[in-house]
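Protein chains get the first letters and strands the later ones, always in sequence-line order, with residue 1 at the start of each.
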Amino acid sequence: MLIKLIKHDIKSSYRDLFPLYMGLLLFAVIAAVSVNPEREWLSVVTILPFFALFIATTVILTLTVIKLFTNRLYSKEGYLTFTLPVTTLETFLSKIITATLWTLLTFIVYVLATTLFAGLWVTLNWTNVQYALNEYRSFWEVIPWNTLIPEVLRFMGISLPQAIMSFVYSSALMLITVVFVNTSYVTSKKLAIGIIVYLVLNFIFNNLYTNIFTDWFVYKENYGFEINWLMYFLDFLYFGLISVGLITLAVWLNDHKLELE
Amino acid sequence: MIELKNVSKHYKQTEALKNVSLSLKPGQIVGILGPNGSGKTTLIKILNGLLRDYSGEVLIENQGIGVHSKSLISYLPDQTYLANWMTGEKAIDLFKDMYSDFDESRMRDLLSKLKLDSKQSIKTMSKGMKERFQLALVMSRKAKIYILDEPIGGVDPAARELILNTILDNYATDSLVIISTHIISEIEQIFDTVVFLKEGEVVLCDDVDQIRSTHNKSIDELFKEIFKC
């Protein structure tokens, strides 16, 4: 049933995001092809929408995630969502997994669009690139490319699970807030109470974190870094346990105190 | 099939349900009757698990409200729950995926009878079309319990007849049908049992024929007598 719920949650939101993904990839190509120092106006006309699409996608992604946890759960759609023959945990997990999938996919599209733009631009403007390299040779030569690129890739690989966990934690925080304001404990001023609850909980958990843990990565010279693996796992465990706790509490609150208007 | 024992529900200072006890058996059509604010929708929301903070006990097939009870109940709320992003087809897909008792061929048949197009988006449907589409979805399930909250409230007399016929033509005779309404005259002939709710309390729960012979009145007349202002 969880898979089916995720399928329908994806169906509910793909129309908002897919056109933006297509637009980003299309404008990555258009912008790269049209960048030309001799026709600056054309570069501006194509690059501006390209960057505007990045901002629009981020905004729409944020709204999509918020809608998943609000409209899809507790508005009139709640009359359908909460009468489906599935457990509350499945309903909530479906929202969290869908929101995480969209965030990951958006990140992948960002990387693809940027790579496409940069790759095409370098290929199409190789003479200009060579000129720039010659002009700023001293700058380029300072950067240890052989070290930097593998280190950046290593960092991305190591930090991906942390980024996912961080997003799951934020989703769980949003979930408990939305669930709480739709229980019999809160009968009015739901939005204001929701915002306060979210901010207070986030403040408590983040402050607790900074007081207990230290950073799990340490910068070194020449663009290198070291991982404090103990802190890395404790960080993962901390946000993982909080997320599990918040989701469990949200399920309990929903199953015992739900008051759908 | 449905057992309620001393169920009470408060909203702030208001007591929406007061010690409601009911026992509803399968194979009958039950009318939950009462004026606006008498607690009909509260009772129905409790049965569907949309209100969880109440006192007392609710059992459906000897189990509390949960996945099992939700799989048994086909519920028509008093408002549209279909989302604007959906088309009729997507709503049908959802019901097919979620309810093993959903009968797609019956749904297609009902769509043509109710003059609805499943390819149309919910956003572009009128209020009446949304209500009819939702009714078609609910009645296309071969459910053990149908709970219909104000199915004829706010619709014109011609549409009322269509809705009532849709309900009567599609429910299984061994199932339990619960219909809440405050419009009695046009619907009382279909009830086997009626429950009168007044300010959150059950003031009458009996077989319709029994009530008629005891009081020598129609249900509508008795309703007007009990609930006169």
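- Counting heavy-atom pairs closer than 4.5 Å to chain A, the top residue among B:I73, B:L82, B:V67, B:I65 is B:V67.
- Here the side chains of A:F205 and A:L173 are in contact, with some heavy-atom distance below 4.5 Å.
- In this structure, A:L120 and A:V29 have side chains that are in contact, with non-hydrogen atoms separated by less than 4.5 Å.
- Nearest heavy atoms, B:I92 versus B:S118: CD1-CB, 3.9 Å.
- Chosen from A:V86, A:L5, A:L260, the residue pairing most often with chain B at heavy-atom distances under 4.5 Å is A:L260.
- A:F180 places a side-chain heavy atom less than 4.5 Å from the side chain of A:I193.
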Using only the distance criterion (under 3.5 Å, no hydrogens considered), which donor-acceptor pairs connect chain B with chain A?
residue : atom : partner : partner atom : Å
B:K9    : NZ   : A:E259  : OE1          : 2.6
B:K45   : NZ   : A:Y79   : OH           : 3.2
B:K45   : NZ   : A:L260  : O            : 2.7
B:L50   : O    : A:L260  : N            : 3.1
B:R52   : N    : A:L258  : O            : 2.9
B:R52   : NH1  : A:D255  : O            : 3.1
B:D53   : OD1  : A:K257  : NZ           : 3.3
B:D53   : OD2  : A:S184  : OG           : 2.4
B:K70   : NZ   : A:F82   : O            : 2.7
B:Q79   : NE2  : A:Y79   : OH           : 3.1
B:D93   : OD2  : A:K11   : NZ           : 3.3
B:D97   : O    : A:K4    : NZ           : 3.2
B:D97   : OD2  : A:K7    : NZ           : 2.6
B:D97   : OD2  : A:H8    : NE2          : 2.8
B:Y99   : OH   : A:T83   : O            : 3.3

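- For the pair B:I179/B:F191, a side-chain contact is recorded, criterion being any heavy-atom separation below 4.5 Å from C-beta on.
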Exercise for the section: Evaluate the criterion side chain to side chain contact (heavy atoms under 4.5 Å, CB included) for residue pair B:L33 and B:V195; output intermediate values, then yes/no. Expected result: CA-CA 6 Å; B:L33 313 178; B:V195 177; over 6 Å; no
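- For B:Q120, the CD atom counts as densely surrounded, since its 6.0 Å shell holds more than 12 non-hydrogen atoms of other residues, nucleotides or ligands.
- Near-neighbour residues of residues 17-32 of chain B relative to chain A, defined by a heavy atom under 4.5 Å from a heavy atom of that chain, are none.
- Side-chain contact between B:L197 and B:L43: present, with at least one pair of heavy atoms (C-beta onward) separated by less than 4.5 Å.
- In this structure, B:M98 and A:M1 have side chains that are in contact, with non-hydrogen atoms separated by less than 4.5 Å.
- Counting heavy atoms of neighbouring residues, nucleotides and ligands inside a 6.0 Å radius, atom CD of B:E3 exceeds 12 of them.
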